[in-house]
Amino acid sequence: MKKTVKIVFALLFMAAVLCITVTASEFEWNLEGDTLVVSGAGKLPDFEHSGQVPWNDSKYDIKHIVIESGITYVGNFMFSGCVFAESVILPEGLKEIGIQSFAYCSALTSLYMPDSVRTLGYEAFYGCIALKDLKLSENLKSIPWSTFSICEALESVYIPDSVEFIDYYAFKGCKALKSVRLGKARLGQNVFGGCPKLVEVITDSEISHEWEGIPFVYTDGMDNFRIVNSYKDSLFTDVKPSDWFKSNVEYMYNVGIMMGSGADIFEPQKHLTYAHAVTMAARLHSIYYTGKADFVQGDVWYGVYLDYCVKNGLVENVYDMNAYITREAFVRIINVLPACELVYSSNLVPPDTDNGIVKSFYTAGILGGRDSSNNFYPDSYITRAEISTVISRLLNKKSRL
C-alpha cells in the first residue's frame, strides 16, 4: 500500500485584499505488512487529532514505524494512538517532534532520539506505557509539559546538559522511575509527581535547583480534592436518592466544588451561567495546584473568581457573565487541569463537533453524549445536574465511562 499525500494550506489575510497560499512538501507513506514507512523532504503536516491521519483505518496493523532521512518535522498527532507499534526509527536531521506525535504508542519499548532534535511538542510521548529505554537528543533545549507522562516502564532518565527547562508533569506517573540524572535543567511544577520509586536525583553541583510550586516527587494534584463537607440525603429537597445524578451532586458537594442554589435546593435542571462556570474553573484550578480555594466574594459575587481566571490565563474572552453558557463553552472553560489528567481510555468521538477539548473529554471517558449516537449538542445549554456529572468524572477517575 503506497500513497502520496500533498498538503496545501491556504491563508487569506485582508489588509486591502491579500491572498497567500503556502504549499507544504509532499510526503509518501507505505504500509507493507506491519511496517509503516514515511518519506519525503522537510516538514510533515500537523493534524487536529489522530483520526485525521491518512493511515487511520490501518492504524492497528502497524508494529513498526520508520521515518526516512529528509524529514525535519513530525507533525502533531501523526502517529498518536498506534497502540501496537513496538519500534520507531527517527532519522538524523530531524529537528522537531510535534504535539502528541507518538502519544499512546503503548507497545513502544525503546526510543533513540537523534542529536539533531532540538524541540519537542507537549505530550509527544504521553502514555507510552511500555517505554523502558530512552535516549534523548544531546541538543534538546527543553522538555514540555507531560511529554513523558504515564511512561510507566521507564526506570531511569539521563537529561542532557543542553536541556534548560523541564515543564510541569513532564514525567508524571512514571511509576517505575528510580533514577534521574538532571544536569542543569530548571524544573517546573511537580515534574516527577506520581513517581513513588524515585530515590535518586543527580544534579549539577553548581546549579541551585528551586523546586517550584508543589513538591516535585510525591504529590498529585488530584489528591487535593478531599472531603470537606458531609452530604445528607435531606440536604436538598429537589435531589432524590433515586435521581440519576444524585451520587454526582453528593460528590461535588463533599469536595466543595458545587453548593446549593439556596438553603435547601440544588435546582438540578437549572441552566448554568458563565459566572458559575468561571467560579468552578477557579475552584478546580486553585485546589488542584495549591490544595485550597480561599476566595472571598466582593460586591460582585463572581468577581474574585473571574479575576483569578484572568490572572492565571484560564479565560481568554470577556463574557456576558449572566448569560447561559453552552455545553461546548462550559467544557472549554473548565478545561483547567493538565492534559495528563485526561488519560485516553475510549475511542468514542462526538459526531457533531470538531472541538479538540470536547473530543479529549470523550476519549478520557468524561463525556459520552446525550443520545444513542453519542451526539454532544455543543450549542445547547447545560444543566447543573449535567455539570455535576461532568466534573465528578473529571475528578473521580473511577466514575469515568
*Asks:* In Å and rounded to the nearest 0.5 Å, what is the OG to CG distance from S149 to L154?
*Replies:*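 S149 OG to L154 CG: 11.5 Å, rounded to 0.5 Å.
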*Asks:* Can you confirm whether the side chains of T389 and N248 place a donor and an acceptor under 3.5 Å from each other?
*Replies:*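 A pair is found: one side chain offers a donor N or O, the other an acceptor, under 3.5 Å apart.
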*Asks:* Could you tell me whether the side chain of N312 and the main chain of L314 form a donor-acceptor pair under 3.5 Å?
*Replies:* no
*Asks:* I'd like to know whether the aromatic ring centres of F148 and Y126 sit less than 6.0 Å apart in this structure.
*Replies:* no
*Asks:* Sub-3.5 Å donor-acceptor pair from the side chain of D238 to the main-chain atoms of E267, do we have one?
*Replies:*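 Flag set: sc D238 to bb E267 pair under 3.5 Å.
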*Asks:* Parallel under 30°, tilted from 30 to 60°, perpendicular over 60°: which one fits the rings of Y60 and F84?
*Replies:*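 Geometry flag for F84 against Y60: perpendicular rings.
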*Asks:* For the residue pair E96 / T119, report whether a side-chain donor-acceptor contact shorter than 3.5 Å exists.
*Replies:*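 No.
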*Asks:* So do the side chains of K172 and C195 get within less than 4.5 Å of each other, counting heavy atoms only?
*Replies:*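 Contact flag for K172/C195 side chains = no.
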*Asks:* Can you tell whether the side chains of R327 and E386 come within less than 4.0 Å, N to carboxylate O?
*Replies:*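 Salt bridge between R327 and E386, a charged N being under 4.0 Å from a carboxylate O: yes.
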*Asks:* Mind checking whether F79 and W55 have parallel, tilted or perpendicular rings, split at 30° and 60°?
*Replies:*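 Taking W55 first and then F79, their aromatic rings lie parallel (interplane angle under 30°).
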*Asks:* Can a salt bridge be assigned to the pair D233 and K246 using a cut-off of 4.0 Å between side-chain N and carboxylate O?
*Replies:* yes
*Asks:* For the residue pair W145 and Y122, is the inter-centroid distance of their aromatic rings smaller than 6.0 Å?
*Replies:*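 Aromatic pair counts; centres sit under 6.0 Å.
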*Asks:* Would you please say whether a donor-acceptor pair under 3.5 Å links the side chains of E328 and T353?
*Replies:*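 Judged by distance alone, the side chains do pair up.
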*Asks:* Would you say the side-chain atoms of D46 and Y73 include a donor-acceptor pair closer than 3.5 Å?
*Replies:*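 A donor-acceptor contact under 3.5 Å links the two side chains.
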*Asks:* Measure up the F266 and F236 rings against each other and bin them: parallel (under 30°), tilted (30 to 60°), perpendicular (over 60°).
*Replies:*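 Ring orientation, 0 to 90° scale: tilted.
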*Asks:* Does Y381 OH have over 12 foreign heavy atoms under 6.0 Å away?
*Replies:*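 It does not: Y381 OH has 12 such atoms or fewer within range.
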*Asks:* Tell me whether R370 is salt-bridged to D352, with the criterion being a basic N under 4.0 Å from an acidic carboxylate O.
*Replies:* no
*Asks:* Suppose we call two aromatic rings close when their centres sit under 6.0 Å apart. Are H49 and F77 close by that rule?
*Replies:*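 No, they do not, as the ring centres are separated by 6.0 Å or more.
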*Asks:* Under 6.0 Å between the ring centres of Y302 and H276?
*Replies:* no
*Asks:* Might you point out which heavy atoms bring Y362 and N374 nearest each other, and give the distance in Å?
*Replies:*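 Scanning both residues completely, I find the closest heavy atoms to be OH-O, 2.8 Å.
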